[in-house]
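First the structure, in the form of structure tokens, and then the observations on it.
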Amino acid sequence: MRTHTCGELRAEHEGQTVTVCGWVDTYRDHSGVLFVDLRDRYGKTQVVFAPEAGGELLAAAKLLRGEDVVAVTGTVAGRPEGTVNPKLPTGAIEVRAGQLAVLNKSRTPPFHPTSKDLPGEDIRLKHRYLDLRRPAMQQTLLLRHRIVKVMRDYFDELGFLDVETPMLGRSTPEGARDYLVPSRVQPGTFYALPQSPQLYKQILMIAGYDRYVQIARCFRDEDLRADRQPEFTQLDLEMSFVEADDVMGVIDGLMARLAKEFLGREIALPLPRMTYDEAMERFGHDAPDLRFGMEIVDLTDLAREANFQVFRNAAEGGGRVRGINAKGAADRYSRKLIDELTRFVCEDFGARGLAWFKVGAEGKLASPIAKNFSDDSLARIAGRMEAEPGDLLLMVADRFDVTCKALHALRKRLAAELKLYEPGVMHFSWVVEFPMFERDDETGGWAAMHHPFTAPRPQDAERLGTAPQQCRAQAYDLVINGVEAGGGTIRIHDSTLQSQVFGLLGIDETTARDRFGFLLDALQYGAPPHGGIALGLDRVVTLFGGGESIRDVIAFPKTQRATDMMTGAPGPVDPRQLKELGLSVPR
RNA sequence: GGGGGCGUAGCUCAAUUGGUUAGAGUACUGGACUGUCGAUCCAGUGGUUGCGGGUUCGAGUCCCGUCGCCCUCGCCA
């Protein structure tokens, strides 16, 4: 139908007869002559309807409106002097129309894809077919395609095998809430959509497919965020006969290739690594944003000697007093703004208060609470925090985990407000040696921090029975710009050890056999040491595209209430369908 | 489940302290215009101020409830 796209015609095509197809982007009717910018995903080309081609053609063109789909046959011509448009790649030429076919008239659209005013996201989602016509969305989906292509090529070169795993699996109550699919054939039973292909890929290792990779769709029925959708995509991989270093090395190589391809940057390998404990100590979070400093400083020992009760009580009660130094920010934060920061850490992160000092001209700390400290004490705090005139010092005294949450949130917020990093910069790193277990607030028992198949470090295996809280896992998270881009572990390949971990997690033998019997069995038939990782593809694309929300890198995302505004999903079903499935819905 | 923000014309937004007939740009419709490119100029259509209730002489504005979208805490092995 078409001979060229709307993005490819140049001066060299002058004189050729061509047919271009696309959407009417804009039209400029000068009565005697009419211009139409025709748009497709490759670009825009100006089409001219002039009287020489006949009054009938011009009359037909006058009826064109935005988003009509047309085919135009005409001659490529250089534009008259002074009318070249340097803003368009095709701006040197135009197509002098000889024929016009209106392939499909458009209703007046609720918004125009190239309008400068972006409509609200709900409108964009409802009319996603219009939103996806926007050049920015098309570029993003192209970026996503190219990233996936680089990934597939990379893993193919390394001998990885792409294997598909089932979408209809078995529910495992651990972890996130499952999406369930009722079985018609066996009423009252349910499949679960995969939260990840975790168990299948381990089985593939046991089956001898020593390098597996998959771009896998995953499902988790939890509340949504800007970086969380109920269905999302993972780059999932697993390797046999490897240690953590090997898996991280493979991902290092992938990140280097992506950085080179999409940022035009060489990044130094191996990517920097930091232990979980160090990350919590220095940044208060297991996915620290390393694009800027403003590290957390511990003041607990100094607080113990201070007269300030809040600090003293925290320090002596087993808590911690820690702070951050917002360099040069004293003038930027008025008393009112600091009150807002206080409200922020208290209401959102459970802190009981926010202590602050502004560093004056001679390095003297000024604050409503300064009177509670001796000059010597203040000087030591200033020294510890490397305070200089103009700095703003912020401190939280509380349980360790509360200081982590509050200071991490503050650090993130201040960095954004103070523009502590360049928008285009990307920082890649690993956080390693996560704890095996964390306390489950509901049951009071132990819960797996990553998942129940994670192997402890060899030197920690014997502490499983004695000091589980001290066990560190062979786990590694890839962190990009303070975002957890992916995570993985070396798995347990020994059924005895696996049973022991299940036991610690309060999964008794009967339950374990019932749910994971196939895995425990498989582990007894020659399971190689293995491990892997999964990257959140949507997040990776968002990061490389410089966006804010993963909804913008997903063609058809869901809203915060997990609905699809275009299709209306989820929706009610016919009672007959329920009956077939043996289901009844309470009203 | 909790906290916060937003909701006014198809779209993007405005509307002073609660005060007369809710405006602008754009889109759309009609007209003018033979080189524009965010075309321009003239005219016009277009409103249950998300929905429901309340306070008031009077509500887009204040109060209560509710719905929707977004951010966030919890949640997310």
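Every chain is numbered from 1, with letters handed out A, B, ... down the list of sequences.
- Of the nucleotides present, none pairs with G74(B) by Watson-Crick or G-U wobble criteria with both distances under 3.5 Å.
- U12(B) is paired with A24(B) under the criterion used here, namely a Watson-Crick or G-U wobble arrangement in which both key atom distances are under 3.5 Å.
- The aromatic rings of H451(A) and F453(A) lie tilted to each other, with the angle between the two planes from 30° to 60°.
- Between F502(A) and F516(A), the two ring planes are parallel [angle under 30°; tilted spans 30° to 60°].
- Residues M566(A) and K126(A) form no side-chain contact, since every pair of their non-hydrogen atoms from C-beta on lies 4.5 Å or further apart.
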Nucleotide-resolved protein contact map, nucleotides 30-37 of chain B, B/S/- at heavy-atom distance under 4.0 Å: ---BBBBB
side-chain contact (heavy atoms from CB on, under 4.5 Å) between T73(A) and V18(A), worked out: CA-CA 6 Å; T73(A) 302; V18(A) 299; over 6 Å; no
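- Under the Watson-Crick or G-U wobble criterion, with both distances below 3.5 Å, G46(B) has no partner in any strand shown.
- Comparing atom distances between the A176(A) side chain and each of C76(B), G68(B), G74(B) picks out C76(B) as nearest.
- To the nearest angstrom, P of C28(B) lies 10 Å from CG of D68(A).
- Counting any heavy atom pair closer than 4.0 Å across all strands shown, T45(A) reaches no nucleic acid atom.
- Here the side chain of R96(A) pairs no donor or acceptor atom with the backbone of A50(A) at under 3.5 angstrom.
- Comparing U8(B) with U49(B), their P atoms sit 11 Å apart, to the nearest whole Å.
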Trace of the side-chain hydrogen bond (donor to acceptor under 3.5 Å, both in side chains) decision for E231(A) with Y179(A): CA-CA 10 Å; E231(A) 59 178 307; Y179(A) 275 100; over 6 Å; no
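- Atom NE2 of H408(A) and atom C1' of U72(B) are 13 Å apart (whole Å).
- At whole-Å resolution of the value, CG in D178(A) and P in C76(B) are 13 Å apart.
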Set out, line by line, the N/O atom pairs under 3.5 Å between protein and nucleotides 12-14 of chain B.
unit_1 : atom_1 : unit_2  : atom_2 : d
U12(B) : OP1    : G120(A) : N      : 2.6

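- Salt bridge annotation for D68(A)-R65(A): absent, with no cationic side-chain nitrogen under 4.0 angstrom from a carboxylate oxygen.
- Taking the P atoms as reference points, G3(B) lies 35 Å from U20(B), given to the whole Å.
- When each of T45(A), V72(A), T90(A) is tested with C6(A) by the rule side chain to side chain contact (heavy atoms under 4.5 Å, CB included), just one qualifies, namely T45(A).
- On the C1' atoms, G65(B) is 41 Å away from U29(B), given to the nearest whole Å.
- When all heavy atoms of F232(A) and Q195(A) are compared, the pair lying nearest together is CZ-O, 4.2 Å.
- C62(B) and G58(B): their C1' atoms are spaced 13 Å apart (whole Å).
- Here CG of L193(A) is found 12.5 Å from CZ of R220(A). Values are rounded to the nearest 0.5 Å.
- Within 4.0 Å of F349(A), counting heavy atoms only, lie sugar-phosphate atoms of the nucleic acid but no base atom.
- Look at CZ on R133(A): it is 17 Å from P on C11(B), rounded to the nearest Å.
- Nucleotides A59(B) and U21(B) have their P atoms positioned 11 Å apart, rounded to a whole Å.
- Both distances falling under 3.5 Å, in either a Watson-Crick or a G-U wobble arrangement, occur for no nucleotide opposite G60(B).
- R551(A) comes within contact range of the sugar-phosphate backbone alone, with a heavy-atom separation under 4.0 Å but no base atom that close.
- Nearest to the side-chain atoms of T559(A) among the listed nucleotides C71(B), C69(B), C28(B) stands C69(B).
- On the P atoms, G50(B) is 13 Å away from C6(B), given to the nearest whole Å.
- Nucleotides A15(B) and U61(B) are separated by 14 Å at their P atoms, to the nearest Å.
- Distance check on atom P: G23(B) versus G47(B) gives 13 Å, rounded to whole Å.
- Using a 4.0 Å heavy-atom distance criterion, K126(A) is classed as making no nucleic acid contact.
- Residue Y27(A) is in sugar-phosphate contact alone, with no base atom involved, counting any heavy-atom pair closer than 4.0 Å across all strands shown.
- A salt bridge links R28(A) to D37(A): one of the charged nitrogens lies within less than 4.0 Å of a carboxylate oxygen.
- Checking U40(B) for Watson-Crick or G-U wobble geometry (two distances, each under 3.5 Å) identifies A32(B) as its partner.
- Between the CZ atom of R413(A) and the P atom of C71(B) there is a distance of 17 Å, rounded to whole Å.
- Pair assignment for G68(B): C6(B), on the basis of Watson-Crick or G-U wobble contacts that are both within less than 3.5 Å.
- Side-chain atoms of R228(A) lie closest to C75(B) of the nucleotides U72(B), C75(B), C69(B).
- We find that CG of L224(A) is positioned 8 Å from P of C70(B), with the value rounded to whole Å.
- Across the interface with RNA chain B, nearest-nucleotide mapping of E347(A) and R225(A) shows E347(A) to be the residue nearer the 5′ end.
- One interatomic measurement links the two molecules: CE of M565(A) to C1' of G7(B), which rounds to 12 Å at whole-angstrom precision.
- The side chain of T563(A) places no N or O atom within less than 4.0 Å of a non-bridging phosphate oxygen (OP1 or OP2) of G68(B).
- Interface remark: the D348(A) side chain does not form any donor-acceptor pair with the G4(B) base, using a distance-only criterion of under 3.5 Å.
- Here C73(B) presents its P atom at 11 Å from CD of Q560(A), a figure rounded to the nearest Å.
- For the pair L414(A) and Y333(A), the minimum side-chain heavy-atom distance is below 4.5 Å.
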